Amino acid sequence: MIEWNNIEKKWRSKWQAEKDFETNPNDKEKKFITVAYPYPNSPQHIGHGRTYTLADVHARFYRMQGYNVLFPMGFHYTGTPILGMAKRVESEDKEILDGLRNIYHVPEKDIQTFVEPIKIADYFHQEIKAGMIEMGYSIDWRREFTTIDPAYSKFIEWQINTLKEKNLIIQGSHPVGWCPRDQNPVSQHDTLGDVEPDFTEYILIKFRFDDYIIPTATLRPETIFGVTNLWVNSKTNYKKILVDGEKWIVSKECAHKLEFLDKEISYEGEILGADLIGKQVTIPHRNEKIPMLEASFVESGTGTGLVMSVPAHAPFDYQALEDYKENQTQSSDFHLLKPISIISTDEYGEFPAQEVVEKLRISNQNDPKLEEATTEVYGKEFYGGTLKGNCEQFAGKKVSDAKDLIKDWLNENKFSDILLELTNSPVRCRCGTECVVKILSNQWFLNYGDKDWKEKANSCLDKMSILPQEIVNEFHYVVGWLRERACARQHGLGTKLPWDKDWIVESLSDSVIYMAFYTIQRFVQDGTLQPEKMSKEFFDYVFLGKGSAENIPGFSKDVMEKIRKEFSYFYPVDSRHSGRDLVPNHLTFFVLNHTAIFPENQWPKQIVVNGSVLMDGKKMSKSMGNIIPLRQAISDYGADPIRLAIIISAELLQDADFNLESVSGIKHKLETILEECSRLKLSKIEILEPEDNWILSKLQNLVSNVTFSIEKMRLREALHEILFAFEADLSWYLKRANAKGRTDFDGILHQIFSTRIKLLSPFAPHIAEEIWERLGNTGLVSKLNWPEVSSESIDSKAIQSEDLLKSIMEDISNILKVTKINPRQITIYTANQFKITSYKSILEKVMDGQTNMGAIMKEMIANPETSDIKKNPDFVQKTIKDILSEPTEIRKTKMKTQIDEKIILSEELIAIAKKDFDAEVLVFAEGDSDIYDPKGKAKHARPFKPAILIE
RNA sequence: GCGGGAGUCGCCCAGCCUGGCCAAAGGCGUAGGGCUUAGGACCCUAUCUCUUAGGAGUUCGUGGGUUCAAAUCCCACCUCCCGCACCA
């Protein structure tokens, strides 16, 4: 029984005692590995562990390759979710308290303090840090910080000021979800049921009604050319209001929404829907009147409570018109209303709304299927429709292009306005109040829409390495569509905007270049730097090299030079690890901001993106209760088995499916290796047998494959090679050595396992140290050099002869399987010298690119040495096939080296065949004078394919 | 719609980047055997089809193409999954 936690503790304290992960500048080449820091609103679970584990393996690998590796960690306190949590704790929200108690196991005395947001962050900060240490992450903790530390705030002020100086921060207005009672923006964390407030932007078309305006809300401004009437709900009591000096008639709900949209509203009176019916309004862009008619589908809570009717293209309108006509007892002028078709598509005829309504068998305007019909027509017409000749200057344009043009045209001519409302209403704030959309003026934005900035970011992306490669297009795409992005918000933890203290720098904007801060943080921790003295001049000098060391207020020349040196040594970032959910935001902002602030030689070198972690094939979530806190898992299974289970379950970008069986599988595997190695002693072996040379060659192969894979961060592949793929070779080796009755190969195994453990060390650092020690080796394996591949120790003869042996063993099994013979004696016939010469000749020709049987035959006959081959064309045919079915690598080896099959087989085949088949083995070369060949099999022999006789 | 990813032998999943030791690893399941009083656990063997000589045939979403050779490269199509914003 292995005490994993004890072993892990033992080696962690050794690493700590030797300060192995504390990294300062030195003469060696550096690597700076970073990971997106955690947001401490919960303990870590297995899913969080993935990114950090990948980065740690990366760091440990580089360390063994001889680099001076810096791997630091910070904690992101900035943001609003923790605020929401604190509020919920304060109001004794049962759901959150249960979660804290039963899933996160937070002690009751700590929960009491959670009414203060900072206490929540502090608690989980320590919890997460402890887990990272227990996982064996090789982090330099002297550089740790939180994003509300005074020094960090100074840094963020400098960052945001620098961006502003470069005119990359602009001011504007922006809609947000808003709680009218709290007078605060709401995001997902602030709503009941964690609903994300989502907006719909309607265009209000302003129809004229005497000296009033009747606005109707639409998502399809282009359909104004097909309007036939308005729809009014006769039961609704509409408000007459004054909006920025204009008289409007809208529903009560609409009036309420307008109050938050940057408009002056006053109420003047009311009018019942029924009083509007039958009256006429004027279309804004034409002097043309249309009637207002009754429709029951019109809801006062959506849009303005009045609807513009386009029966040709809107299923609701078409159906309402049908209903209207049916209900009219006596014919009126309005009875003659006809849909006006304005869009042509391949899909539909003249009246798409009618077609779809009939297709879905809709019979009245309150049928829920009308929603589906609307979505279908909208989608088809938007992406595939063209405006017809009756659309004035927009005729002939594609709907997808014309929509924005028409929107602008309406706006410029004051024919329209904008109404924003919540798509998924009602959204309720945690205080219970129904939320609205509010336009915030004076909002600050990072201008990611800037063309020059995008160009720089794209050029950075082109120059850097993005792993895995396939995700690079996604980055370019994100850079392409990014526009202005709000970079400040009104509440939450974080740094205040230096020029406007009502705002706090938003959390995705204060985490874009903080990797630079790691390089100076250890001087904050040791007291060399005092936050209050860190000025613009200070940061400009340290990070940008502006000014000179002696003129920085507050700090001596020596200090300044030392700090500048630290930054210059470690920057740029060599690799940044993160989950793929951060590609469209953090990772892209990280690139953008670096290109804006730093000179090109400080731009990041690499991004590594990983997928998420599933638990037993399902998404992890609190509600499903399938979250395993990382620290719990470590104490149950050990850190290394968890590290390996996460890595082996998927390649970088795929979702990793974590399950406990795979953890126990891995654990068992590691324990087997540990036991095996505890037995092995370092010993010298005098004469190497062919199988020894073979397995040592295979070991070189392993080192080379694993190194290649890790360099590409294909860690699953690398680990698979180390733990499993190599086993097949090892078991062949053991089978061979055991068949020969050898007892002297422990030394070889010791050598093999020592190398294998070095390869394993970055992945499973604790157990690797333990095994290393049990093998009787000295020192820490994590501090050794990564094994190098030496091509000299690859013995191509040994590889060829083992391949020959394997293929003969397999052939024999096949024959036995088909014939069901019980073998007594197996006779092997190897090819004669003429065939070997001919084989070489064919091999050369095929390597030259000649694969045509006839041409090869002709050439061989022309050469006196091989002209006799004409008697045996079958041999040529089969040999070409043999050669072509092999990979080029093996062909090359066969060109270079030659093995004597008869000698190898007589020496090596007998033992293993005796063991596997319990039969005697005779070996002859075709043409031997003493040959035993009762069935005339020998003539079928080919090089690498001896003939076989089984009796 | 745009952008990205995926479709493999009953199921899960590797192989594709770097074409050929690929009828295609591993796991689950299934069948037979060993062990055991029995069950469980564990171990061994088999698991596309045909075949009494190492062979042949048909397979990797569908249809084409390139090549001596395609699961792998190219083109088109079908189906499924993810992202499209102010949220960490």
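If you're wondering where the values come from, they're calculated on a predicted model, not measured in any experiment. Protein chains get the first letters and strands the later ones, always in sequence-line order, with residue 1 at the start of each.
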Which residues share a ring pair (Phe, Tyr, Trp, His ring centres under 6.0 Å) with A:Tyr77, sequence neighbours left out: A:His125
Heavy-atom check, side chain of A:Val436 versus side chain of A:Leu422, under 4.5 Å: no
Non-neighbouring partners of A:Glu717 that pass side-chain contact (heavy atoms from CB on, under 4.5 Å), sequence neighbours left out: A:Glu651, A:Ser709, A:Arg714
Could you list, one pair per line, each protein nitrogen or oxygen that sits under 3.5 Å from a nitrogen or oxygen of nucleotides 54-56 of chain B, together with the distance?
residue	atom	partner	partner atom	Å
B:G54	O2'	A:Asp811	OD1	2.8
B:G54	N1	A:Pro946	O	3.2
B:G54	N2	A:Asp811	OD2	2.8
B:G54	N2	A:Pro946	O	2.9
B:G54	N3	A:Asp811	OD2	3.2
B:A56	OP1	A:Lys881	NZ	3.4

Sugar-phosphate only, base, or nothing, as touched by A:Arg714 at under 4.0 Å among non-hydrogen atoms: base
Residue list, side-chain contact (heavy atoms from CB on, under 4.5 Å) with A:Lys894, at least two apart or on another chain: A:Gln800, A:Tyr839, A:Leu843, A:Glu886, A:Ile890, A:Phe944
Sugar-phosphate, base or nothing in reach of A:Gln443, heavy atoms under 4.0 Å: nothing
Touch class at under 4.0 angstrom, heavy-atom based, for A:Asn585 against every strand present: base
With 3.5 Å as the limit, what N/O pairs link the protein to nucleotides 12-15 of chain B?
residue	atom	partner	partner atom	Å
B:A14	OP1	A:Gln654	OE1	3.2
B:A14	O3'	A:Arg716	NH2	3.2
B:G15	OP1	A:Arg716	NH2	3.3

With sequence neighbours excluded, residues passing side-chain contact (heavy atoms from CB on, under 4.5 Å) with A:Val472: A:Ile466, A:Gln469, A:His476
Which nucleotide in B:G4, B:A88, B:G20 has an atom nearest any side-chain atom of A:Glu474: B:G4
Partners meeting side-chain contact (heavy atoms from CB on, under 4.5 Å) with A:Phe875 (sequence neighbours left out): A:Lys835, A:Ser838, A:Ile842, A:Ile869, A:Asn872, A:Thr879, A:Arg942, A:Pro943
Show me the donor-acceptor pairs within less than 3.5 Å that the side chains of residues 807-814 of chain A make with the rest of the protein, sequence neighbours left out.
residue	atom	partner	partner atom	Å
A:Ser807	OG	A:Leu804	O	3.4
A:Asp811	OD2	A:Lys945	NZ	3.1
A:Ser813	OG	A:Met809	O	3.0

Touch class at under 4.0 angstrom, heavy-atom based, for A:Ile950 against every strand present: base
Which residues share a ring pair (Phe, Tyr, Trp, His ring centres under 6.0 Å) with A:Tyr829, sequence neighbours left out: none
